[in-house]
> 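Shown below is the structure under consideration.
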Amino acid sequence: MTNAIKQNQVCYRTFHLDQPWSLESYEKIGGYKIWKSVVAGEIKPDFIIQSIKDSMLMGRGGAGFPTGLKMGFVNRDKPGQKYLVCNSDESEPGTSKDRFILSKNPHQLIEGMAIAAYTMGATVAYNYMRGEFMHEFNQCEKALQEAKEAGLIGHHVLGSKISIQIHNLIGAGAYIVGEETAMLESLEGKRAMPRYKPPFPANYGLYGKPTTVNNTESLASIPVILEKGAEWFKSLGTEKSGGTKIFSVSGHVAKPGVFELPLGTSFKDLLKLCGGIRNNRGCKAVIPGGSSMKVVPGKTMLGAEMSYEGMKAVNSAIGSGGVIVMDDCTCMVHALTCIVKFYRDESCGQCTPCREGTGWLHEMLLDILSGKGKVEDVDRLVDVANKIEGRTICAFGEAVAWPVQSFIEHFRDEFVYFCRNGESMISGTKNGK
Amino acid sequence: MVNKVNIFIDNKPITCDAGITVIKAADDAGIYIPRFCYHEKLSVVANCRMCLVEVVGVPKTLPACATYVTDGMRVLTRSSKTLESQKAVMEFLLINHPLDCPICDQGGECELQDISMGFGTDISQYTKGKRVVDDEDLGPLVATDMTRCIQCTRCVRFGTEIAGIEELGTLNRGGLMEIGTYLKKGLKSELSGNVIDLCPVGALTSKPYRFNGRSWGFKQYASVSFHDGVGSNLFLHSIHNGLQHNIMRVVPKSNESINENWLSDRDRFSYEGVMDKQRLTHPMIKTNGEWKQTSWESVLPYLADCITQTVQNYQAKNIASIAHPSSTNEEFWLLQQLMRKIGCDNLDHRLRQEDFSDTDQMPHHGLPVKINEIEHFSTFVLIGANPRNHQPLLNHRIKKGIHHGAQCIQVNSSINEPNFPIAQNILVPYSQWADFFSKVLYTLCEMKKITHRLKIKPKEISKEITEFTKTIAKHKKTIFLLGPIINEHPHASIIRQIIREITLILECEIAYLTEGANASGAVLAGMLPNTPNGMNFKQMFDTPRKLYWLQNVEPLHDCAHPDKIIDILTKAFVISCNRYDSPELRAYSDIILPICTPAEMGGSFTNLEGKIQRFNAAIKPIGESKAGWKVIAAVAKTMVMDGFQYTNSQDIQNEIETVETPSISENTLPKKIPQLPHPIMWVHDVHELKVDDIVRHANALQTSISTERQAVRFNKEIAESFKIFDESGLLYLTFGKKSIKVPYIIDENTANDTMIIPDTYAIHFPRHCPIKLRAVDA
């Protein structure tokens, strides 16, 4: 039963309130209580890191790296400047979860950033938002102003010796800024081009100083984890996937939307929340974690649970939680072309395989769409994708290779049909459109 | 002590330093890993992905240029996994590369060609159209064909890390990424030509050399820069077959202790001057105002006779001899030998200098340390020096020092744009140099509580001077670098003596950035009066002589007071050993002997650190011209003198080396600080591309001179005093009856009471004359 699923327990917990973005509303539900205890010295950094580790909070940006472990990489006692960067460059196609945290619950993010920054010994934190987030930026600025006026952020927080400066800033709308080292480059005023790792940001980050980059959802979860306990948070989800996850469901569902659900919720239940597939059609395929994750056939997906291990079992990943649902009138050739075009436009152009390969893939797909494709092109698409995968500085190479590989793996006959016949296997789709 | 690690590359055990990259370890072990973006002198970006190699135990292939060695690491450079990666990257690189090798200048020496042959596949699966990129005009030196670019960004990193000015950058992204200047202004760096060597493909090539030849047809000759005292090592590429006989281009020769892998644009492109149409090809004699071509056989006895006659009629002291400081050691040595044998000590090579009183206190060569040790100083005090323009690769060493945390203080009459941050800039009016440093010395003595050797008590000391003195007194490991403005100053000796005294008190080093390629060689070979009776350059023309021997000198461009000198030369008997014909040369000379450029002869130069570097001829002499030293030796032989039986330049060099270097006297200080006659002084700004005859005839370089450097510059105060109100424009420079229309810029980086006049205009006025400015419409 859908009613049984409890929504909006962590990052979206203020949404039922009137003006959820105000300091007043946030404090009403116990906001900044943890931060005040931290400032008062009642909660120690070691405890914070341990709690986050115990909570099984995985990085919510897409890669799913354990947040507690990442925070522990920066030695807070090592002298020198350190930085915390909040990655709010939510650019993954199909994902729109962070924007609601930024616009409707900014104080929880600010509290989370303050706690995280203090824990790692950073005195300066940046919240980097994507270029299109003007409204979200204004909301965050307002909230930050409120928090500063209340003495919660700034020099000598609440009269203590602790100082935390938080800065909101807005990018120029490039997808690749979401890659953590590209974000650091952009913060430094350079072109957003990912750096080769190692060295990792924990050793050589912003301006060469130890830096932690965390996703908005991860940081906003921290105050709740500390308030209600790691055990509580962990128990919301499954054994291996602690807590909740925000899913942004888009595509061919009756009611697309954003839902914060406990991890481990079945895809069927998620689909029910969205009112099922539009026009009662069948579910052909789902990309469960934003366009760079592997596509999963609808049938498989209907038996899967939305958790890190559940998605791994269907050979995909939970990624950013951007669930893209495709019904049975979708032409997979067209769908893949859309995705590949996006990656062609957004490649930073630094590494040879990605710069040249994304364009090549897109050209081949355009050929197929215009009826000039050859059957060999299907294999060539996979071949080119394989040649990009694993040969680039950042994960962008995988992000373009995985959709191509998985689309052709699961829907090869559709591609072959298009090449043979010069038209889509799915009636009603126009060639080349 | 560097830790060592043991690794295996292709199962070969290698012990190497910890902390180096795999590609470096492989290079040292002689195992080649293909690369495009990696360059040992530039930062690592790992973006071309050509150097991907398999490391046992790592699922992905790793870029060798960015992967550091760890103990026990096993790298496979030829495994199937590595080869697969290399083939994939090569295929991607070639899909948008035009493959127009037959019409590409890089053909035959192209890294993409070579690596494609070695590591690529035969056939590409790619059948689509290729990307085309608009070309950009980068100026007269670097040609572009940006469609060929493979976006390795070496040129971009070169700008940021080596040249110090960010001119090239990446524009757009993804498949549309291209390299350009964005501002479309062309390259201005004095090292810009190096991007031609760095570019692994034919995207950036040499403009003067464009479509002129193929690298495999050239012969390569090691040589030495003939323009500045750094003595950069280079290769001359020449072609000589029945039809062609030419220097085709110049490329750097790597020498870690001098120029590393780099070459300044002046050294790289000046070869055009060697083959210039103005080159003199035959000896010529003037009889009754008419010039006649003649042969060496007939000119030599005539010349010998002229000298003998002069000695007999007017004594040898009525003969004088001057040589350009870029002449070879051999020319200096033989010329002074010849002159001293006939009893003449009137010799000099310091053609722009006016004050010679501290000659005995000057060191034999400009630098107190080796060129590669410059970067280890922690403070640089540039005094009237502009090494960025005049000694670009010495400047590169200073820049490296600054990069490692050193500081630079600049004292000058006009601030140049250095390519590194300057901690403090001090503007000193040209007429106040001696005064400024005497005050610094006084303040320093007060500060250190030492007795004043300079017995002059200044009236008032400005805050700026106190601050400057405090700064230099505070710093350790300092070097003072004195530039041409000091050497050419009417009080050069006094200024140098005071600065020397300061450096003695501070126990720091002092360097003299002398002009030309071989000023050190001239001193060591004795191209100086060196005896009490010998006349220096100034004296030779203050009391005119009967006969002058000019070696490589074009007085209009190379000397102080050109008008006065040409006037005197016209009245005297002049033997000119020159390379280029000009109306002035024909007007004042009586005998013209064509001599070779260093590209056509063997010889040697001594650089600023005192290192003697030999070079050999790359082509046959042009026309009938002969090596300078051969001409002098032939004259001596004709005059039946002993000791000129040399078969090659090495014999002469051996002889020079046996000579004891003269001792250096202790520093003395002036008794008073002289004043200059006019309050507003002008500085003759010698452009670095006009320092010698060869570079003056290199066309591409001459067109690369920026318009800013061709304008007269002065500050607002001077502008107001002459009622000039526009920021820039045209004005008249007037002195007496002479008036020239020139462009000007009002420049706040120029000291009070100082005008900077480019040499194009400066040569028309007597030095230090009170030039007036007049607005064009006034």
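Within every chain, numbering begins at 1; the chains are lettered A, B, ... in the order of the sequence lines, protein sequences first and strands thereafter.
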> By a 4.5 Å heavy-atom criterion (distance strictly below it), what part of L171(B) contacts chain A: side chain, backbone, both, or neither?
backbone

> Assess whether atom NZ of K240(A) is packed by more than 12 heavy atoms of other residues, nucleotides or ligands within 6.0 Å.
no

> If I take atom CD from residue E84(B) and atom CG from residue N386(A), how far apart are they, to the nearest 0.5 angstrom?
8.5 Å

> A quick test of your reading: do over 12 heavy atoms of other residues, nucleotides or ligands sit less than 6.0 Å from CG of D71(B)?
yes

> Just checking K341(A): does its NZ atom have more than 12 heavy atoms from other residues, nucleotides or ligands closer to it than 6.0 angstrom?
no

> Of the backbone (N, CA, C, O) and the side chain (C-beta and beyond), which part of E346(A) lies under 4.5 Å from a heavy atom of chain B, both, or neither?
both

> Near K130(B) NZ, under 6.0 Å, is it more than 12 heavy atoms from other residues, nucleotides or ligands?
yes

> Hey, is CD on E109(B) packed in by over 12 heavy atoms from elsewhere, all under 6.0 Å?
yes

> Can you confirm whether F420(B) is buried at CZ, in the sense that more than 12 heavy atoms of other residues, nucleotides or ligands lie under 6.0 Å from that atom?
yes

> So which of A88(B), G175(B), C37(B) has the biggest tally of heavy-atom pairs under 4.5 Å with chain A?
A88(B)

> Side chain, backbone, both or neither: which part of M193(A) has a non-hydrogen atom closer than 4.5 Å to chain B?
side chain

> Looking at Y182(B), I'd like to know if its OH atom is crowded, meaning that more than 12 non-hydrogen atoms belonging to other residues, nucleotides or ligands lie closer than 6.0 Å.
no

> Does NZ belonging to K24(B) count more than 12 external heavy atoms closer than 6.0 Å?
no

> For the atom pair CZ (R380(A)) and OH (Y126(B)), what is the distance rounded to the nearest 0.5 Å?
12.0 Å

> Under a 3.5 Å distance rule, please check whether R355(A) uses its side chain to pair with a backbone N or O of F92(B) as donor and acceptor.
no

> With chain A, which of L176(B), T61(B), N96(B) has the greatest number of heavy-atom pairs at distances under 4.5 Å?
N96(B)

> What part of D345(A) lies closer than 4.5 angstrom to a heavy atom of chain B: side chain, backbone, both or neither?
backbone

> Considering all heavy atoms of both residues, which atom of P353(A) and which atom of V89(B) are nearest to each other, and what is their separation?
CG-CG2, 4.3 Å

> Shortest non-hydrogen contact from V45(B) to I393(A)?
O-CD1, 3.4 Å

> Regarding R49(B) and E356(A), does a basic nitrogen lie under 4.0 Å from an acidic carboxylate oxygen?
no

> So what's closer than 4.5 Å to chain B heavy atoms on I388(A): side chain, backbone, both or neither?
both

> If you count heavy-atom pairs under 4.5 Å between each of P198(A), G349(A), P194(A) and chain B, which one has the most?
G349(A)

> Within this structure, what is the CD-OG1 distance for the pair Q350(A) and T153(B), rounded to the nearest 0.5 Å?
7.5 Å

> Does any backbone or side-chain atom of I95(B) lie under 4.5 Å from a heavy atom of chain A? Answer side chain, backbone, both or neither.
side chain

> To the nearest 0.5 Å, what is the distance between OH (Y196(A)) and CG (L62(B))?
5.0 Å

> Rounded to the nearest 0.5 Å, what separates atom CZ in F36(B) from atom OG1 in T352(A)?
8.5 Å

> Examine the side chains of R391(A) and S85(B) and answer whether a donor and an acceptor come within less than 3.5 Å of each other.
yes

> Less than 3.5 Å apart, any donor N or O on the side chain of R173(B) or S347(A) sitting next to an acceptor on the other?
no

> Can you tell me how far apart CG (N47(B)) and SG (C348(A)) are? Round to the nearest 0.5 Å.
8.5 Å

> Sort E91(B) into side chain, backbone, both or neither according to what part of it lies under 4.5 angstrom from a heavy atom of chain A.
side chain

> For chain A, which of Q125(B), K60(B), K128(B) has the most heavy-atom pairs under 4.5 Å?
Q125(B)

